[in-house]
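Quick caveat, the model's predicted, so the values are computed rather than measured. Below, chains carry the letters A, B, ... as their sequence lines are ordered, and counting in each starts from 1.
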Number of protein chains: 2
Amino acid sequence: MERRAYIPQETARRLSLYLRMLRRLRQEKVRIVSSDQIRRFLNVSSVQFRKDLSYFGEFGKRGVGYDVELLAKEIGKILGTDVLHEIILVGVGRLGSALLEYPGFLEFNLKISEAFDRNTRKVGKVCGGVRIRHMRALRQVIKKRNLRIAVLSVPVEFAQEVAEELVSCGIKAILNFAPVNLVLEGDVFVSNADMASELESLVYKLKQKNNNYSLTKKRSIVI
Amino acid sequence: MERRAYIPQETARRLSLYLRMLRRLRQEKVRIVSSDQIRRFLNVSSVQFRKDLSYFGEFGKRGVGYDVELLAKEIGKILGTDVLHEIILVGVGRLGSALLEYPGFLEFNLKISEAFDRNTRKVGKVCGGVRIRHMRALRQVIKKRNLRIAVLSVPVEFAQEVAEELVSCGIKAILNFAPVNLVLEGDVFVSNADMASELESLVYKLKQKNNNYSLTKKRSIVI
DNA sequence: TATAGATTGTTAATTGTTTCACAAGTATAC
DNA sequence: GTATACTTGTGAAACAATTAACAATCTATA
């Protein structure tokens, strides 16, 4: 097959779910897994799983299944988790400090290695193993360490301006926790972790169900 | 047009973004807005916006635009934010307490009105205006207050069992912050707020861009 | 009251994603 | 060795979502 002509966005999103599942299986000493087992664990159809993998190569053995160890390694390579990625976090409020202590990032070889806040009372303190710096140091640190990815957890009213500053410092990807759509110039990827909107979607679905309106299926995931 | 034959999932997701934008405009005393202005604010094409609304009715005036006040009210009705929805939160760890204090939920008329934890040292304390109860009280409170929606922020190793308990108590929608896919029986909506996976997707996109592989567009807002 | 410019609402075409159907390969039992 | 039961990989079909194209309608103005 002609690989990588283009990869469906949705496929890319699912790869990290696969990887996490495989890692868990590996931990439990499972050696072989079939696409049908994956379906049961992840609510992704077995064909979907196989099709997703097919964009990158052939990793299974017909009649048998997939070698957990091997497949985890391959997906890791595809996603780039074989290399440690250093991230910065801007805004060490309640959410920000929760994120600094969040253990889940390591799973994908992601590490928040710098944190910034403009509150001088927070500066110098250590949270999640990271010493908080003042916003003034932002540009210098980003440039010096050549960082590309930022988590933005400042109050909503500052999100836009801080995001612009991040971009001007060379940041190329932002995970935004502020409930606002960032409008940015240049080639920056922005992903919104919009908790309120996510919850609202659930409320809406419940309402629809009760009213017997129908939604198309697909996706239940997400931020 | 035959309204509401079915509503695209994505349309439902976008409605809350529209509502937030409209509220902000209303606050700024803007009376009229065109779909083209919305495009500039939200990175959603003007046709997309109009198409989305068209599933529910005709809310604009040709040659003019949309009445901000009126449209906000209509979308609010569609989404169900005209009524207060009470939510419970389970797991008052670092992330849980950040969520309890998160002001963004009110925007959609959502209120975390009960919080539970199994750590007796936390029980009785007040966080974000909510007194934390012991997990033992879970069933009784849910039944008594007839609650339907839960935010799950317990450690990943307990997520599955707690989720099952929630469902057995009558919960119909769960916003899950644990990095695991919940497998649940019955008609429950689960939405995963998967921060690590979200960040991982950004890393992947950056990598693709540098390698000049192409992804299809859509979602996740590339500016 | 006719005309120009603006903007919505909608059908049709296009693009993107999932699912179907099945060929091809592997393991096991006899 | 052959039959049987699995399981993967994939082209084609079906389905879903977005975008293009344009008719309908409104406002302002001469």
Going from CD1 on B:I87 to CD1 on B:I174, what distance comes out if it is rounded to the nearest 0.5 angstrom?
-> 12.0 Å
When all nucleic acid strands are considered with a 4.0 Å heavy-atom cut-off, which category describes B:S45: base, sugar-phosphate, or nothing?
-> sugar-phosphate
Euclidean distance, atom CD of residue B:E74 to atom P of C:dG9 [Å, nearest integer] = 12 Å
Nucleic acid contacts of residues 34-42 of chain A, taken as heavy-atom distances under 4.0 Å to DNA chain D = A:S34, A:S35
Rounded off to whole Å, could you give me the CG-to-C1' distance for the A:D67 and D:dT8 pair?
-> 15 Å
Is the phosphate of C:dG5, meaning OP1 or OP2, less than 4.0 Å from a side-chain N or O of B:R62?
-> no
Rounded to the nearest Å, what distance is computed from the CG atom of residue B:L71 to the C1' atom of nucleotide C:dT8?
-> 12 Å
Does the pair B:E114/B:R145 count as a salt bridge with the N-to-O cut at 4.0 Å?
-> yes
Report the distance from atom CZ of B:R13 to atom P of D:dA16, rounded to the nearest whole Å.
-> 18 Å
Rounded distance (Å) that lies between atom C1' of C:dG25 and atom CZ of A:F59 | 18 Å
May I ask you to evaluate whether B:K61 reaches the phosphate of C:dA6, defined as a side-chain N or O under 4.0 Å from OP1 or OP2?
-> no
Which whole-number value in Å describes the distance from B:E10 CD to C:dT17 P?
-> 10 Å
Checking only heavy atoms, does the side chain of A:R50 share a donor-acceptor pair with the base of D:dG9 at less than 3.5 Å?
-> yes
Note: B:V64 and B:I32 closest approach over all heavy atoms is O-CG2, 4.1 Å
Verify the contact: side-chain N or O of B:Q48 to OP1 or OP2 of D:dA17, cut-off strictly under 4.0 Å; return yes or no.
-> no
May I have the distance from B:E58 (atom CD) to D:dC26 (atom P), rounded to whole angstrom?
-> 10 Å
With sugar-phosphate meaning primed atoms plus P, OP1 and OP2, does A:V64 contact a base, only sugar-phosphate, or nothing at under 4.0 Å between heavy atoms?
-> sugar-phosphate
Any side-chain heavy-atom pair from B:Y55 and B:T11 closer than 4.5 angstrom?
-> yes
Does A:Y66 put a side-chain nitrogen or oxygen below 4.0 Å from OP1 or OP2 of C:dT26?
-> no
Ring centroid separation B:Y66 to B:Y18 under 6.0 Å | no
Test item: B:L166 and B:I142 side chains (from C-beta on) under 4.5 Å apart, heavy atoms | yes
Starting at the 5' end of DNA chain C and moving along, which residue's nearest nucleotide shows up first, B:G65 or A:V47?
-> B:G65
Phosphate OP1/OP2 of D:dA17 contacted by B:Y6 side-chain N/O (<4.0 Å) = yes
Test A:F108 against A:H85 for side chain to side chain contact (heavy atoms under 4.5 Å, CB included), laying out the working first.
-> CA-CA 9 Å; A:F108 294 115; A:H85 287 273; over 6 Å; no
A:I32 CD1 to C:dT28 C1', in whole Å, measures 16 Å
For the base of D:dG11, is there a side-chain donor-acceptor partner from A:K51 under 3.5 Å away?
-> yes
Answer yes or no: is there a side-chain heavy-atom contact under 4.5 Å between A:M21 and A:I38?
-> yes
